[in-house]
Amino acid sequence: MNDYISILKKDLLDVIDNLIKNNIVNQDFKKDNLTIDYLSKSKQGEVSTNLFILLNSQLNKNDYDLRKNIHKNIINFEYVKKIEITKVGFINIFFEEDFIIKKLFFLLSHPNNYGNNVSGNNDKINIEFVSANPTGPLHIAHIRGAVLGDALASILQATGHKVTREYYVNDAGSQINILGNSLYKRYQQIFGVKIEISPEEYPGEYLIPIAKLIADSDNDKWLKIKEVERKKFFEGFAIKELVKSIKLDLKSINISFDQFTYESTIVENKIIDKVFSILKDKDLLYEGFLEKPKGDDSADWEPRKQLLFRSSNFTDDRDRPFKKVGGEWTYFANDAAYHYDKYLRNYTHLINIWGADHIGYIKRMKSLTEVISDNPKYLEVYVCQIVRLIKDKNFLKMSKREGNFITLNEIVKKVGKDPLRYFMISSKSETPMDFDMDKVIEKNKDNPVFYCQYAYARASSVINKSKTFKEFKNFKNKFNEFDYSLLSKYEWEIILKLLSWPYLLNQTSLFKQPHRITNYLEDLSSSFHSFWNMGKEDQSLRMLDLENTKKTLTKLLWIESFRIVVKRAFTIIGIEAYENM
RNA sequence: GCGCUCUUAGCUCAGUUGGAUAGAGCAUCGGUUUUCUAAACCGAGGGUCGCAGGUUCGAAUCCUGCAGAGCGCGCCA
């Protein structure tokens, strides 16, 4: 990491280390509390730090002139031009222009990977997301997790991790039975059999075209074939077709997976047996009874003896069933086997993106992965809160029963890929979100994605226009002409923001919060639009000035940098950068 | 009852993982286009950061309690 923030941070930490070494502050000084404020957060300097405040309260020696010594230390950094320590103790720092300009040159010469780093150490990370049951098309509830997972994967790749995007297909439970049966009923209907699909089954119309496929190729042959064979065929066919359409839906929002793992494969390979023996050896399984949950009012509750996993030995608040009363594995047990399978594939780290309805499931799975990996942090689970759809100012109620859920496909058609992706990651995933279909459709300034794309288009139009003048051709090769003294302070601020991109991207990766990127984009775009409009008031701030070639060249260089950074950010969150809008 | 998550402007959300006077957009009101894209910009009003304590130089942020919302808590996946 050699962005200006990281460099400064490292040097400030060295200052602290030195003070510790000389026993001016204690060994247990908490270095993590050191902050560097940049961008708009820094009120007075180009950046500011709390270094002095932190140290001042922890001094061992009363006669030590901290203020003077800190000042001397920092001003000696070769890239620091000026510092001031305020009364409260904030240190405002200004950089040497040459230092910043070198960074800008570096940016310009790395248009396709500026900001990327290798801090991930090539760690193998498996990120599992969506994993919707293949019993119907994807709908609104799946989109947030899909986009979040995909963006997170890109962010991790950009910061040096080897990432596998994985989808777990639950194709082995009783739901699949029902699915196959519903498909068969649709098939029967084609041949005039009077039969209804009950609300407990899958009455959605999406099974009709799939049934037609079978009828087209096999005619009515399955009406006469034995149930066992028929069931197997219809279940398999339904899953194959539905997974195919799920893949297509995901492709429409630019998401593709590296791997689909099928529950049936996990079951066939008997991986559960290995997990069972591991848990058994560690005495983490026992036959026992669970207490009735207190909020459960149902009268037909009876104590039942079954195989339980001692998840309460870890962070869970109670033990969890591993086998059903009948002796079959629970869903959790098969899922445990799946996670063990991922562990065997040698990932250094697992990430799961789950919907809010699985919150109660996290602790038992983390308990399990701790047992098999010996690492309490082996699995990280990120939860997506629900998305409420608003149409015509009303919340849309969705029920599978009535078959009236809005599919991902329909939303993409109405809203478009870019606004959809942008909105889904622009708020923290743990916050419930309201998604107003009408507002997103409007495609005006209500919509931040267009605001940012428009800024990119404006910048592009300047660059493209400049190409019509011979003085500015090949401006990218004329970095020697760059002269900061011809720039306004607004532009200098924008340049500093651009150069904070590598730091921001790394923070985004560390905290797994893609929405930091959209915040950054909006801040950056806003600065750009502001500056653009200043040119209307003040001729000297206009970007293209044919009278003043050197000044215009200097501007073109930072405008090109702006385009590079915005495009990098767009690419990582998966939206398009248009040169014309 | 227990667990997890959430609560910031009229609305939708940020707040760089404890910093300086809490910020945007929408909505409301008022301004800015002979000139690089007005899908934009500038200004005004709008706040008990759910409530109450605590921790410290300093709290929207951390801790405790309370209130409200969502999700979950054996044979669904």
Side-chain angles (χ1 to χ4, degrees), chain A residues 5 32-33 35-44 48-50 53-54 56-57 86-90 133 135 170 172-176 263 289-296 301-304 306 308 316-318 320-321 323-326 328 330-332 334-335 355-363 383 385-386 426-428 430-436 439 443-448 450-451 453-455 457-466 500 503-504 507-508 510-511 513 515-516 518-520 522-523 526 528-537 539 542-545 580-581:
Chain A
I5 301 164
D32 288 348
N33 289 340
T35 59
I36 294 179
D37 289 339
Y38 57 102
L39 305 183
S40 49
K41 262 283 192 156
S42 171
K43 302 282 199 263
Q44 332 259 336
S48 68
T49 172
N50 61 353
I53 301 175
L54 291 180
N56 199 32
S57 57
T86 66
K87 268 188 188 167
V88 192
F90 287 101
N133 288 349
T135 54
N170 293 121
S174 60
Q175 291 303 312
I176 300 305
E263 185 182 1
F289 297 87
L290 282 177
E291 284 176 25
K292 179 181 177 180
K294 295 212 167 141
D296 186 351
W301 201 89
E302 287 172 24
R304 278 193 287 254
Q306 60 190 133
L308 301 173
D316 212 344
D317 44 299
R318 62 191 297 180
R320 303 293 175 176
K323 272 188 178 177
K324 299 175 189 174
V325 173
E328 299 162 69
T330 55
Y331 175 79
F332 168 62
N334 279 329
D335 214 7
D357 53 342
H358 288 75
I359 284 181
Y361 201 75
I362 295 174
K363 285 184 170 176
V383 169
Q385 279 294 340
I386 50 161
S426 62
S427 60
K428 267 185 310 200
E430 316 92 76
T431 312
M433 177 166 70
D434 291 339
F435 188 78
D436 190 326
K439 277 195 176 175
K443 300 194 177 183
N444 57 22
K445 63 188 169 184
D446 276 16
N447 194 332
F450 285 97
Y451 184 83
Q453 286 176 320
Y454 184 46
R458 275 180 152 179
S460 300
S461 83
V462 174
I463 299 290
N464 289 331
K465 184 150 189 171
S466 77
S500 71
Y503 184 80
L504 183 116
Q507 296 289 102
T508 304
L510 282 176
F511 300 122
Q513 296 178 332
H515 74 275
R516 289 182 189 229
T518 55
N519 289 343
Y520 174 75
E522 284 167 44
D523 184 40
S526 169
F528 184 85
H529 285 307
S530 258
F531 180 70
W532 179 284
N533 279 69
M534 284 176 200
K536 294 183 189 302
E537 299 277 316
Q539 192 73 30
R542 291 178 64 79
M543 297 177 182
L544 289 178
D545 181 356
N580 295 295
M581 284 176 73

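Excluded from the calculations below are hydrogen atoms, water molecules and symmetry mates; all remaining heavy atoms, backbone and side chain alike, are included.
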Nearest-0.5 Å distance, CE of residue A:M433 to OG of residue A:S426: 7.0 Å

Under the side-chain contact (heavy atoms from CB on, under 4.5 Å) test, residues paired with A:R542 that sit two or more places apart: A:Q539

Under 4.0 Å protein heavy-atom contact, by nucleotide of nucleotides 42-47 of chain B - B base, S sugar-phosphate only: S-----

Which atom of A:Y38 lies closest to which atom of A:L504, heavy atoms considered: OH-CD1, 4.1 Å

Spacing of the C1' atoms in B:A9 and B:A22 (rounded, Å): 11 Å

Anti or syn - B:U61, cut at 90° from 0: anti

A:R458 side-chain N/O to B:A38 phosphate OP1/OP2 under 4.0 Å: yes

Between P of B:U34 and CD of A:E537, the distance in whole Å: 11 Å

Pairing annotation in dot-bracket form, given for RNA chain B with Watson-Crick or G-U pairs under 3.5 Å and | for cross-strand partners: (((((((..((((.....[...)))).(((((.......))))).....(((((..]....))))))))))))....

Nucleotide nearest A:N170 when distance is taken to its side chain, options B:A39, B:A77, B:U35: B:A77

Between CG on residue A:N33 and CG on residue A:N50, distance to nearest 0.5 Å: 7.5 Å

Validation row: A:T330, A:K324 side chains within 4.5 angstrom (heavy atoms): yes

Distance below 4.0 Å between A:S174 side-chain N/O and B:A77 OP1 or OP2: yes

Shorter than 3.5 Å, N or O on both sides, protein versus nucleotides 61-64 of chain B: list them out with atom names.
none

B:G31 phosphate, OP1 or OP2, under 4.0 Å from A:K536 side-chain N/O: no

Pairwise 5' ranking along RNA chain B for A:A457 and A:S57, keeping only the more 5' one: A:A457

A:P321 versus A:L308, closest heavy-atom pair with distance: CA-CD2, 3.6 Å

Side chain to side chain contact (heavy atoms under 4.5 Å, CB included) assessment of A:L544 paired with A:S466: CA-CA 7 Å; A:L544 289 178; A:S466 77; 4.0 Å; yes

Whole-angstrom distance between B:U55 and B:A14, as gauged at atom P: 31 Å

Sugar-phosphate only, base, or nothing, as touched by A:E263 at under 4.0 Å among non-hydrogen atoms: sugar-phosphate

A:R320 side-chain N/O to A:F332 backbone N/O, donor-acceptor pair under 3.5 Å: no

Under 5.5 Å and under 30°: A:Y451 stacked on B:A40: no

Side-chain donor/acceptor of A:Q385 to backbone N/O of A:T431, under 3.5 Å: no

Residue pair A:I36 / A:Y503, side-chain heavy-atom distance below 4.5 Å: no

Out of B:C36, B:A39, B:A77, whichever nucleotide has its closest atom nearest the side chain of A:K465: B:C36

Gap separating the CG atom of A:D434 from the CD1 atom of A:I386, nearest 0.5 angstrom: 8.5 Å

Spacing of the C1' atoms in B:C29 and B:U7 (rounded, Å): 30 Å

Verify stack between A:F90 ring and B:A20 base, 5.5 Å, 30 degrees: yes

Sugar-phosphate, base or nothing in reach of A:L54, heavy atoms under 4.0 Å: base

Minimum-distance nucleotide (side-chain atoms of A:H529 versus B:G74, B:U35, B:C41): B:C41

Touch class at under 4.0 angstrom, heavy-atom based, for A:T518 against every strand present: nothing

Grab the N/O contacts between the protein and nucleotides 2-9 of chain B below 3.5 Å, and write none if there aren't any.
residue : atom : partner : partner atom : Å
B:G3    : O3'  : A:K363  : NZ           : 3.3
B:G3    : O2'  : A:K363  : NZ           : 3.4
B:U5    : O2'  : A:Q385  : NE2          : 3.4
B:U5    : O2'  : A:E430  : O            : 3.4

Given RNA chain B, 5'-ward residue of the pair A:F531 and A:I386, judged by closest heavy atom: A:F531

Between B:C41 and B:C51 - P atom distance, rounded Å: 33 Å

Touch class at under 4.0 angstrom, heavy-atom based, for A:Y361 against every strand present: base

Donor-acceptor contact present, side-chain A:H529 to main-chain A:Y454, <3.5 Å: no

Side-chain N,O (A:H515) to OP1/OP2 (B:G15) below 4.0 Å: yes

Nearest-0.5 Å distance, NZ of residue A:K465 to CE of residue A:M543: 13.0 Å

Mutual orientation of the aromatic rings belonging to A:H358 and A:Y361 [parallel < 30°, tilted 30-60°, perpendicular > 60°]: perpendicular

Rounded C1' spacing from B:C13 to B:A60 in Å: 14 Å

A:M433 CE to B:G70 C1', straight-line distance once rounded to whole Å: 15 Å

Nearest-angstrom distance, C1' atom, B:G45 to B:C4: 40 Å

Interatomic distance at C1', B:U8 relative to B:A69, whole Å: 16 Å

Touch class at under 4.0 angstrom, heavy-atom based, for A:N50 against every strand present: base

Touch class at under 4.0 angstrom, heavy-atom based, for A:N580 against every strand present: base

Gap in Å between the two P atoms, one belonging to B:G19 and one to B:G58, rounded: 14 Å

Under the side-chain contact (heavy atoms from CB on, under 4.5 Å) test, residues paired with A:N170 that sit two or more places apart: A:N133, A:Y168, A:E263, A:Y331

Touch class at under 4.0 angstrom, heavy-atom based, for A:G326 against every strand present: nothing

Side-chain N or O of A:Y331 closer than 4.0 Å to phosphate OP1/OP2 of B:A77: no

Sugar-phosphate, base or nothing in reach of A:E522, heavy atoms under 4.0 Å: nothing

Gap between atom CD1 of A:I53 and atom OG1 of A:T35 - 0.5 Å precision: 8.0 Å

No-H, no-angle donor-acceptor pair, A:N533 side chain to B:A40 base, under 3.5 Å: yes

